[in-house]
Amino acid sequence: MTTEVRVPTLGESVTEATVATWFKKPGEAVAVDEMLCELETDKVTVEVPSPAAGKLGEIVANEGETVGVDALLATILEGEGAEAAPAAKEAPAPTAPSGGASVDVMVPTLGESVTEATVSTWFKAVGDTVAQDEMLCELETDKVSVEVPAPAAGTLTEILAAEGSTVAAGGKLAVMSAGAGGAAAAPAAATAPAAAPAAATGKDVEDAPSAKKAMAEAGINRDQVTGSGRDGRIMKEDVASAIAAASAAPAPAAAPAVPRAPVSADDASREERVKMTRLRQTIAKRLKDSQNTAAMLTTYNEVDMTEVMALRNEYKDLFLKKHGVKLGFMSFFTKACVHALKEVPEVNAEIDGTDIVYKNFVHMGIAAGTPTGLVVPVIRDADAMSFAAIEKAIAEKGARARDGKLSMAEMQGGTFTISNGGVYGSLMSSPILNPPQSGILGMHKIQDRPMAIKGQVVIRPMMYLALSYDHRIVDGKGAVTFLVRVKEALEDPRRLLMDL
């Protein structure tokens, strides 16, 4: 029987990939889920597992070829050489105690376009008794943190991926002994803790397959490349950076990397060097990409918050009693932005190649600070939501963000973003775009200031507003109009009710 190996789903808006590396050759035996090849897109690297056990038949798409989603990559001849599969399956058998069935703890689905994660924390040690669905460990990806629950009640008998190690989606993390006879299993697994550190310290960090191929093609060794991955793992982009640096080195005009300032021995002893988390690395990369890609410009205005504050104070108790959520400022700003986006739709659009994609809906991103970094959960179809629904969604997403419980899906697909730096006391700032979006509104601190109103100086609660926009598709007139419409809607909230 022949089984086809096809290109998997590559992620949001990604339609094609390049075959980077084949790990198997035609005629070689493969086990179920064994990695066959690696695909590269403009966003991520995707490993393709074998859908069945057998022998690799024909390779249809060779290395270097471009393939679309669901395109045929190769064929598997099932049953031929399948003896290799049971052998691979039986490898964990010695770790299984006699007191109960062996249960594998696997890496869960990490989200669209995420293929690997780092084991950040183990909550249980080998020999510990665990209940079903009790948290065993936490994984960290470049976007979210994922907790791994116990698939069954029993005893943790072996940890296969120590803290700090990188694991692939669907990989094995640990082995459990199901059932109540956990105490007897602990001595049998006593050697496991010693084995894990040895594996972490006695073996070189495994570099990305695409990076290995790039180094081989460029004729450089790994000592010439600085890895940006976990524990110094070398990624494909690190190789590209090393090649670029080597070619630029002889040129006197090339701007050298800023060297680290000399540090005295006394100062060095008081420093602390901490590896950037995957999330922080991703934040840094995306923000820099935003600066490098978009023609970003910021326009400013100020808004008198008197009417919004009066309306909020008048109805906040009734609002809380009826809807079970507090009436804040974010729902007013969300409604005002939705109102303005209808008039200036290019602020809610994005560039795709040489096309402008206009969105006939508003998925509002609400930037939220968390202990691990800035994230932007998305309130979908905010243009169709009431004040109460918006406030409930913001409260729920904010709590999940602070607890690290947001899924990738909850942070994708936004069309516009609001960032409230005022909660931290910011009086004025220029927010940076969240690509591929074309606009982001920055809110700031409300401060009493003397204002000239109808020829008289009065004290009013004022807030500076900042709209950063992509000047490639949003002209100055559109940006200023958008900000003026937001200002008008907030200074006279009745306009929102009458769609003026």
Side-chain angles (χ1 to χ4, degrees), residues 9-14 41-44 46 107-118 120 138-148 169 276-290 293-294 330-331 333-334 337-338 341 348-350 352 357 359 361-385 389-421 423 431-443 468 470:
T9 301
L10 300 171
E12 185 176 8
S13 77
V14 181
T41 74
D42 57 351
K43 296 182 179 180
V44 294
V46 179
V107 177
T109 301
L110 300 172
E112 186 177 5
S113 80
V114 180
T115 59
E116 63 178 23
T118 300
S120 57
E138 185 177 54
L139 308 180
E140 183 184 275
T141 74
D142 57 355
K143 297 184 178 180
V144 293
S145 294
V146 180
E147 288 185 335
V148 180
M276 289 174 70
T277 63
R278 284 176 175 267
L279 177 60
R280 177 57 60 186
Q281 291 179 46
T282 300
I283 290 171
K285 184 178 185 302
R286 283 181 60 83
L287 293 183
K288 191 58 186 171
D289 286 346
S290 177
T293 303
M330 289 304 297
S331 54
F333 275 86
T334 300
C337 286
V338 167
L341 289 171
N348 196 48
E350 68 180 56
D352 184 13
V357 182
K359 309 298 178 72
F361 53 88
V362 178
H363 290 344
M364 188 68 72
I366 306 294
T370 72
T372 56
L374 182 72
V375 295
V376 186
V378 176
I379 310 299
R380 300 191 180 278
D381 296 312
D383 52 322
M385 297 172 71
I390 292 172
E391 290 291 356
K392 288 177 182 178
I394 290 174
E396 190 267 337
K397 299 283 187 186
R400 288 170 58 78
R402 289 188 294 273
D403 294 338
K405 305 295 186 184
L406 286 175
S407 67
M408 276 187 55
E410 293 175 289
M411 294 186 285
Q412 291 180 332
T415 62
F416 185 82
T417 295
I418 299 176
S419 178
N420 186 5
V423 295
I432 192 167
L433 287 172
N434 182 22
Q437 297 171 25
S438 298
I440 177 172
L441 180 74
M443 298 167 54
S468 290
D470 191 342

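Note that the coordinates shown come from a computational prediction; the quantities given were computed from them, not determined experimentally.
Residues V376 and I366 have side chains not in contact (no heavy-atom distance under 4.5 Å, counting atoms from C-beta outward). Within the 4.5 Å cutoff, the side chain of M443 has heavy atoms near those of the I418 side chain. Between K359 and E350, some side-chain heavy-atom pair lies under the 4.5 Å cut-off. In this structure, L441 and C337 have side chains that are in contact, with non-hydrogen atoms separated by less than 4.5 Å. Within the 4.5 Å cutoff, no side-chain heavy atoms of I394 are placed close to those of S331. Residues L139 and V107 are in side-chain contact: their nearest non-hydrogen atoms beyond the backbone lie under 4.5 Å apart. Considering only heavy atoms from C-beta on, H363 comes within 4.5 Å of D381 through its side chain. Annotation: side chain of I440 is not in contact with side chain of I432 (no heavy-atom distance under 4.5 Å).
Atom CG of D383 sits about 9.0 Å away from atom CZ of F361, to the nearest 0.5 Å. In this structure, N434 CG and F416 CZ are separated by 11.0 Å, a value rounded to the nearest 0.5 Å. For the atom pair T334 OG1 and M385 CE, the distance stands at 9.0 Å (nearest 0.5 Å). Rounded to the nearest 0.5 Å, atoms CD (E391) and CD1 (I379) are 10.0 Å apart.
Here the closest non-hydrogen pair linking L433 and S468 is CD2-O, 3.5 Å. Closest heavy-atom contact between A382 and I390: O-CD1, 4.2 Å. Looking at every heavy atom in both residues, A368 comes nearest to P377 through CB-CD, 4.4 Å.
A donor-acceptor pair under 3.5 Å is formed between the side chain of S120 and the backbone N or O of E138. N348 places no side-chain N or O within 3.5 Å of a backbone atom of V362 that could act as its donor or acceptor partner.
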- request: Give the intermediate values and the outcome of side chain to side chain contact (heavy atoms under 4.5 Å, CB included) for residues M364 and V378.
  value: CA-CA 5 Å; M364 188 68 72; V378 176; over 6 Å; no
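The stretch residues 409-421 participates, sequence neighbours left out, in these salt bridge (Lys or Arg N to Asp or Glu O under 4.0 Å) pairs: K397-E410, R400-E410.
A donor and an acceptor atom, one from each side chain of T417 and Q437, are located under 3.5 Å apart.
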